[in-house]
2 protein chains.
Amino acid sequence: VTAEIAFGEVLRRHRKDRGLSQERLAQVTRLDRTFISLLERGLRQPSLTTLLRFAEALGVPASELVRDVEAMLRDSSPESPD
Amino acid sequence: VTAEIAFGEVLRRHRKDRGLSQERLAQVTRLDRTFISLLERGLRQPSLTTLLRFAEALGVPASELVRDVEAMLRDSSPESPD
């Protein structure tokens, strides 16, 4: 799992938890719906300010979105537990 | 305070806490030292993967870096506490 794939899954999960369509999330964040679709498919990655915009729109701290990403990366990684 | 300015201060603080020069952090992260300098001055912003590279190099979760940024933005913001 790459960071992009992990973020895409985290974004989709939080969006659906709030019952928002990609279209609606695009309106709230004033981001392009195509960009959101690319992000959810792991084909783009967010900048810090994009992270903060999603966080505000989803009512969840950006740090929590990043924590979810890190958890997914950790779970999928065979690296040492250090 | 913008997100860029906040991140720059957070990055500089964590880097100095570890006793690393910009040069050394650049080597460890394999990022350009000029880019790191621009980030610390709030003139660029990191992507998610750049955040994760700094986190690994600094031995601190990326979510903690973002949490520090959010705390700085909150402290500097006169917005409603909602």
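Chain letters run A, B, ... following the sequence lines, proteins first and then strands; every chain starts at 1.
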Exercise. Among residues 6-23 of chain A, which residues come closer than 4.5 Å to chain B, judged by heavy atom distances?
Worked result: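 Contacts with chain B: A:Phe7.
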Problem set entry | Contact residues of residues 34-49 of chain B (partner chain A; heavy-atom separation under 4.5 angstrom) |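 If one takes a 4.5 Å heavy-atom cut-off, the residues of residues 34-49 of chain B near chain A are B:Gln45, B:Pro46, B:Ser47, B:Leu48, B:Thr49.
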Problem set entry | A:Glu64, part contacting chain B, at a heavy-atom distance under 4.5 Å |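 No part of it gets close to chain B.
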Exercise. In terms of heavy-atom proximity below 4.5 Å to chain B, should A:Leu73 be classed as side chain, backbone, both, or neither?
Worked result: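 Side chain of A:Leu73 only, per the 4.5 Å heavy-atom cut-off to chain B.
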For this session: Under 4.5 Å between side-chain heavy atoms, chaining through other members, with only Ile, Leu, Val, Met, Phe, Trp and Tyr counted: pull out the rest of the cluster around B:Val28, sorted by chain and number.
Result: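 B:Val28 clusters with nothing; isolated.
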For this session: Output yes when a side-chain donor or acceptor of A:Glu70 lies under 3.5 Å from a complementary backbone atom of B:Ser63, and no otherwise.
Result: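 Yes, A:Glu70 side chain to B:Ser63 backbone: donor-acceptor pair under 3.5 Å.
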